[in-house]
Every structure is written in C-alpha cells, then in structure tokens.
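Let me begin by presenting the structure, written as structure tokens, before commenting on it.
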2 protein chains.
Amino acid sequence: MRWDTLEEEQCSLARTVAVIGDRWSLLILRECFLRVRRFEEFQSRLGITRHLLADRLKKFVRYGVLRRARYQESPARYEYILTQRGLDLYPVVMSIVHWGDTHMVDERGRPLLHQHKNCGKLFDPVMICSECGEPVHAKQVHTHPGPGAAKTAQASG
Amino acid sequence: MRWDTLEEEQCSLARTVAVIGDRWSLLILRECFLRVRRFEEFQSRLGITRHLLADRLKKFVRYGVLRRARYQESPARYEYILTQRGLDLYPVVMSIVHWGDTHMVDERGRPLLHQHKNCGKLFDPVMICSECGEPVHAKQVHTHPGPGAAKTAQASG
DNA sequence: ATTGACAGTTCTATTTTAGAACTATAGACG
DNA sequence: CGTCTATAGTTCTAAAATAGAACTGTCAAT
C-alpha cells in the first residue's frame, strides 16, 4: 500500500486517515479548534517546520477541511479557516482529547477543561447511538458490508 | 519538538497522538476492532512491512492498548488483544470512520454499516454532552485551563 | 529430509521530516 | 533614501522513518 492510494481504499477510516492521519495534521487541527488561523501563529505555537506547515495547510485546503481566505491586500495575506467539513472533525479531535484525559494525564490532572455553552457545565464527550440514544461500546456493535464494500473480503471500517 | 517528547506535552491530544497518531497505528487499530489478533493476519490484511508491524505492536503493548497473550506453547505463539484502554479508543475510531462516511465516500456509498446490538438498528455515532445529553458542536464549547495546564500560555486540548 | 506456518529480525534503498537559510511585499523608522 | 520588521511562504542539506525484500528459529505435518 502506498500513501497516495490510501484515500482510494474502500474504507472510510483509511480515507480519513489520508487526510488527518499524521501527527502534525492532528496538532494543526487542534490549533484550528483553538481559533488559530495564521501561518506564523501555527508555526510559533507548534514549532513545526515552515516547510511542513505549508505542506499540511495546502493538503487541508485541497481536502476542503480549511479554506484559505485573504484578510489583507497589498501585501496579500491569507489565513486558514475551518470549513463545515473541518468543523465536522470536532468529534474526532474531542474523542482523542478525551482518551488522553482518561488514560494519559499525569498527577496534575487535565490540561484543559471543556464547557458546554448550552448547559454551562464542564463536560466529557459521550458517543451514543443515533437510533436509540444509548451510549455505544465496541462490543455492542456488529459490522456489515455496505453498498460501497469491496468485492473481495477486505478490511474496511 | 521531537516525537519522543510528544507524550510529555501538557496536552491530552498531543499525548494521545504519541500513541495513535500515525497512519499505520490507526489502520492496525481498525483491524483490532475487526477482531484481528495475529501478526500474520495484520500483515497480510494491511500489507504493512513486517518491520513496522512489529514496531507498532510493541508500541501498543508498551502503552497498554494491546496485550500480548500466548495462545500456544511450543513453539510459543502470541496474539495481540485489545485491553480496556484499547477498547476505550473505540470512539476515536468510530468518529474517524463516521467523518469518512460523511465526507469521503464515493458514489457507491459506505463500505461498512454499523449495527447497534442493543437496539438492533444501523446507526451513526453521535457525540453528546455528558451533562445535559445534547449533541455537542465545536462552536458551543468554551475551553478553560485545567489543573494540569502549563504555566505559560500554551496550546493544549 | 523437506515443506509450511508463524512470529518475528536484519539489511539496503527510498521517502519523509528536521532545521536552517533564503525570497518577496510593504509599512514604519530615522 | 536605506534599514528594520512583519508575514507567508520556498529552497536547501542532513537526519530519521518507512518500504521492500530476505533471513532466522521453532515445531508439526508429509
């Protein structure tokens, strides 16, 4: 398997991994959700090399996760803003953060707390079933091939 | 930033990314949730090089995501089984799959459908607030420094 | 005695990433 | 006018990670 064919796989996980499945992409995405938008700010907060940052931002724009918006004329300056497609990655980011909060914190506790504006409380994300509303756990799920499944027996998810 | 210090960052996302934040790790994890447990089966399903597979499995064992269990004596043979810590990564995997199902499918549709055994229906994962039970979206969340926050202003999530 | 299954390890070539320097535009400073 | 700073990149070489293939060791079956 080559990485440039990853997005062509018959697997929604593999295709998403083609977009966000490397370390810098996920860290850049974190910054996006913390309202960072500009090249210099991404670079200085993350310590990423400018080369890679430019590459990853281009990739996100290409996949429609970010859009490049001019915020100033002469000299033209651009910032990177989450699209709806990018905002839809929020559950991915939050579930990653939540696993870290649960399993990777040190004795000092969580680095960041999340407040739900709607109810005002500090919260954790919970994954529920869209149909019955109950929390879903790995062992309660059966998978079946869907319409886009590969013909041959193949890993998909 | 060097990758070996990623897990020491004051950020639950960065620490989790140290565990699962590369392409092969996420694909291996997918296979784990599809009940794959053995070296040869991971290798043949994924096409990953044996070198990297051995490396990633060791890393998962080191982080407590998988445990290496002997399933046969003479010759000793081992398989890799999700721990509770590993099972807790299910929301991460499902949210990635769901984003792919929403934004990356081709005209044939989803490769895989998910059935919730409890209610019997095909479902999508939905992220809700643990406190009020309502779906949570990016723009409805405020973040605050927690007890484990770095002293200096720093990106965390 | 040979083959095959299984779970790795070891080796070299290629690709990716790190780290630093460089480019370009334009306003502010003196 | 000439220099400095801010911003958003691009280009270059060195180091690290990954790809791809071959090899190791144990034991059962033929």
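None of these values were measured; they are calculated from a predicted model. Quick note on labels: first sequence line is chain A, next is B, and so on, each numbered from 1.
Listed pair B:Trp24 / D:dA17 fails the phosphate criterion, with no side-chain N or O lying under 4.0 Å from OP1 or OP2.
In this structure, A:Arg70 reaches neither bases nor backbone, as no heavy-atom distance under 4.0 Å exists between it and the strands shown. Contact annotation for A:Thr49: base contact, defined as any heavy-atom pair under 4.0 Å involving a base atom.
Counting only heavy atoms from C-beta outward, the side chains of B:Gln10 and B:Arg15 approach each other to under 4.5 Å. With a 4.5 Å cut-off on side-chain heavy atoms, A:Leu29 and A:Val65 count as touching.
Taken to the nearest 0.5 Å, the CD atom of B:Glu79 stands 10.0 Å off from the CD atom of B:Glu41.
If you look at B:Tyr80 and B:Phe60, their ring centroids are not closer than 6.0 Å.
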Taking N or O atoms only and anything under 3.5 Å, show me the protein contacts with nucleotides 7-10 of chain D, one pair per line.
{"from": "D:dT7", "atom 1": "O4'", "to": "A:Arg77", "atom 2": "NE", "distance (Å)": "3.4"}
{"from": "D:dT7", "atom 1": "O3'", "to": "A:Tyr71", "atom 2": "OH", "distance (Å)": "3.1"}
{"from": "D:dT7", "atom 1": "O2", "to": "A:Arg77", "atom 2": "NH1", "distance (Å)": "3.2"}
{"from": "D:dT7", "atom 1": "O2", "to": "A:Arg77", "atom 2": "NH2", "distance (Å)": "2.7"}
{"from": "D:dA8", "atom 1": "OP1", "to": "A:Tyr71", "atom 2": "OH", "distance (Å)": "2.8"}
{"from": "D:dA8", "atom 1": "OP1", "to": "A:Tyr78", "atom 2": "O", "distance (Å)": "3.2"}
{"from": "D:dA8", "atom 1": "OP2", "to": "A:Glu40", "atom 2": "N", "distance (Å)": "3.3"}
{"from": "D:dA8", "atom 1": "N7", "to": "A:Glu40", "atom 2": "OE2", "distance (Å)": "2.9"}
{"from": "D:dA8", "atom 1": "N7", "to": "A:Arg50", "atom 2": "NH2", "distance (Å)": "3.0"}
{"from": "D:dG9", "atom 1": "OP1", "to": "A:Arg68", "atom 2": "NH2", "distance (Å)": "2.9"}
{"from": "D:dG9", "atom 1": "OP2", "to": "A:Tyr80", "atom 2": "OH", "distance (Å)": "2.6"}
{"from": "D:dG9", "atom 1": "N7", "to": "A:Arg50", "atom 2": "NE", "distance (Å)": "2.9"}
{"from": "D:dG9", "atom 1": "N7", "to": "A:Arg50", "atom 2": "NH2", "distance (Å)": "2.9"}
{"from": "D:dG9", "atom 1": "O6", "to": "A:Arg50", "atom 2": "NE", "distance (Å)": "3.0"}
{"from": "D:dT10", "atom 1": "OP1", "to": "A:Lys58", "atom 2": "NZ", "distance (Å)": "3.4"}
{"from": "D:dT10", "atom 1": "OP2", "to": "A:Lys58", "atom 2": "NZ", "distance (Å)": "3.2"}

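Between the CD1 atom of A:Ile48 and the P atom of C:dA18 there is a distance of 7 Å, rounded to whole Å. Between A:Leu53 atom CG and C:dT17 atom C1' the separation is 13 Å, expressed in whole Å. The distance between atom CD of A:Gln72 and atom C1' of C:dG27, rounded to the nearest whole Å, is 10 Å. Atom CG in A:Asp22 sits roughly 12 Å away from atom P in C:dT16 (whole-Å rounding). When rounded to the nearest whole Å, the span between CZ of A:Arg23 and C1' of C:dA18 equals 14 Å. Here the P atom of nucleotide C:dA18 and the CG atom of A:Leu27 are 11 Å apart, to the nearest Å. Taking atom CG of A:Leu52 as the reference point, atom P of C:dA20 lies 14 Å away to the nearest angstrom.
With sequence neighbours excluded, the residues that form a side chain to side chain contact (heavy atoms under 4.5 Å, CB included) with B:Thr143 are A:Leu34, A:Leu112, A:His114. Under the rule for a side chain to side chain contact (heavy atoms under 4.5 Å, CB included), the partners of B:Gln115 that lie at least two apart in sequence or sit in another chain are A:His142, A:His144, B:Leu122. Looking at residues two or more places apart in sequence or on another chain, you find no side-chain hydrogen bond (donor to acceptor under 3.5 Å, both in side chains) involving B:Arg85.
Computed from C1' positions of five pairs at each end, the angle between the two local axes of the helix from C:dA1-D:dT30 to C:dG30-D:dC1 equals 20°, rounded to 10 degrees.
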Determine all donor-acceptor pairs shorter than 3.5 Å in which one atom belongs to a side chain in residues 129-136 of chain A; sequence neighbours excluded.
{"from": "A:Ser130", "atom 1": "OG", "to": "B:Asp124", "atom 2": "N", "distance (Å)": "2.9"}
{"from": "A:Ser130", "atom 1": "OG", "to": "B:Asp124", "atom 2": "O", "distance (Å)": "3.2"}

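The side-chain tip of B:Arg67 does not point at the ring of B:Tyr78 from less than 6.0 angstrom away and within 45° of straight on.
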